[in-house]
Student: 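Handing you this structure, nothing more for now.
Naming convention: chains lettered A, B, ... in sequence-line order (proteins, then strands); numbering from 1 in each chain.
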Amino acid sequence: MSGIIGKKIGMTSLYDANGKNIPCTVIEAGPCVVTQVKTIEKDGYEAIQLSYGERKEKHTTKALKGHFAKAGVSPKRIVREFTRFEVDHQKKFGDIVDVTVFIEGEFIDVIGTTKGKGFQGVVRRHGFSGVGGQTHGQHNRLRAPGSLGASSWPSRVFKGIRMAGQMGNTRVKMINLQVLKIVPEKNMIIVKGSVPGPNGSPIIVERWS
Amino acid sequence: MSKNEFLTYAESLVEVKELPSFKAGDTVTVTYKIKEGGKERLQNFQGVVLQRKGSGPTATFTVRKISSNVGVERIFPVSSPFIEAVVVNKHGVVRRARIFYLRGLRGKKARIKEKRV
């Protein structure tokens, strides 16, 4: 696996060789610093910890300050662990990981937090079609979910019945997005399609080979 | 780098075409390429511009014409490589930037006053 932490910049469109319009997302990714290497002997599992983005000195706790000072870098905003980091990119403590871990044309996964929509009813949240007409006795249940199940058996509501609730603001992974372009000098990746979250939100770009 | 610098760079990857200046209400002829079974040919689409939308590589414009008594609208991306040429036939006098009211009008009512230069 290879991965990097980044920021969603926004969407635009490009044209491919056939002249087709491709919607794409621009991502600022890395450079990330390896701030810790976890080993089986010491931690019980293998992982590397990447850090990305600047954090103000006054907003950093003393514990974190010490952690970053050990790696010899300024305090970072986002810290994430990546397990099974690829051998050919085997990184050591204090190393830099940038967009060159990816290749143009390959398929990657992008993890982000979707835009929060708040508490939503079943029509918006699950695509229920509502009650339909406003006649035939309906007066206040135009967007109601209807029946939740049978009565005397099972005498309960099954788990997983779709109901109203919090929509969005969840961690979502978009899989198999094609990398259209990599610009190492600008730390920029352009991927085909959309990526969860608002512009400027932190995302994780990764590839499982 | 700021957010805009990245987008500007990404947008600079697309060649934005130099089209003659036109706006909503103008009558234009769009010549565009069509691929049919490996062959390419040109086709014209003449009609009234309803709106221009967006900026940079994502900019589009909508053209409406009446074809055998049925209104037909086509949305063209400005920087699409399929667009061969855009010729402005007439400059129209309209008061708004998006003239969707034209959809509800037919015949004599759907005329647009021509701007004399």
Student: How many angstroms lie between atom OH of Y15(A) and atom OG of S80(B), to the nearest 0.5 angstrom?
Tutor: 5.0 Å
Student: Check whether K35(B) gets within reach of chain A through its side chain, its backbone, both or neither, counting any heavy atom under 4.5 Å.
Tutor: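 Side chain only.
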Student: Hey, is NZ on K65(A) packed in by over 12 heavy atoms from elsewhere, all under 6.0 Å?
Tutor: yes
Student: For the CG atom of N18(A) and the CZ atom of F82(B), what is their distance to the nearest 0.5 Å?
Tutor: 7.0 Å
Student: Check the surroundings of atom CZ in R41(B): do more than 12 heavy atoms from other residues, nucleotides or ligands lie under 6.0 Å from it?
Tutor: yes
Student: Is it the case that atom NZ in K115(A) sees more than 12 heavy atoms from other parts of the structure closer than 6.0 Å?
Tutor: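 It does not: K115(A) NZ has 12 such atoms or fewer within range.
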Student: Do other residues, nucleotides or ligands put more than 12 heavy atoms under 6.0 Å from the NZ atom of K23(B)?
Tutor: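 Yes.
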Student: Among the options V183(A), I190(A), I27(A), pick out the one with the most heavy-atom pairs lying under 4.5 Å from chain B.
Tutor: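 Maximum pair count with chain B is reached by V183(A).
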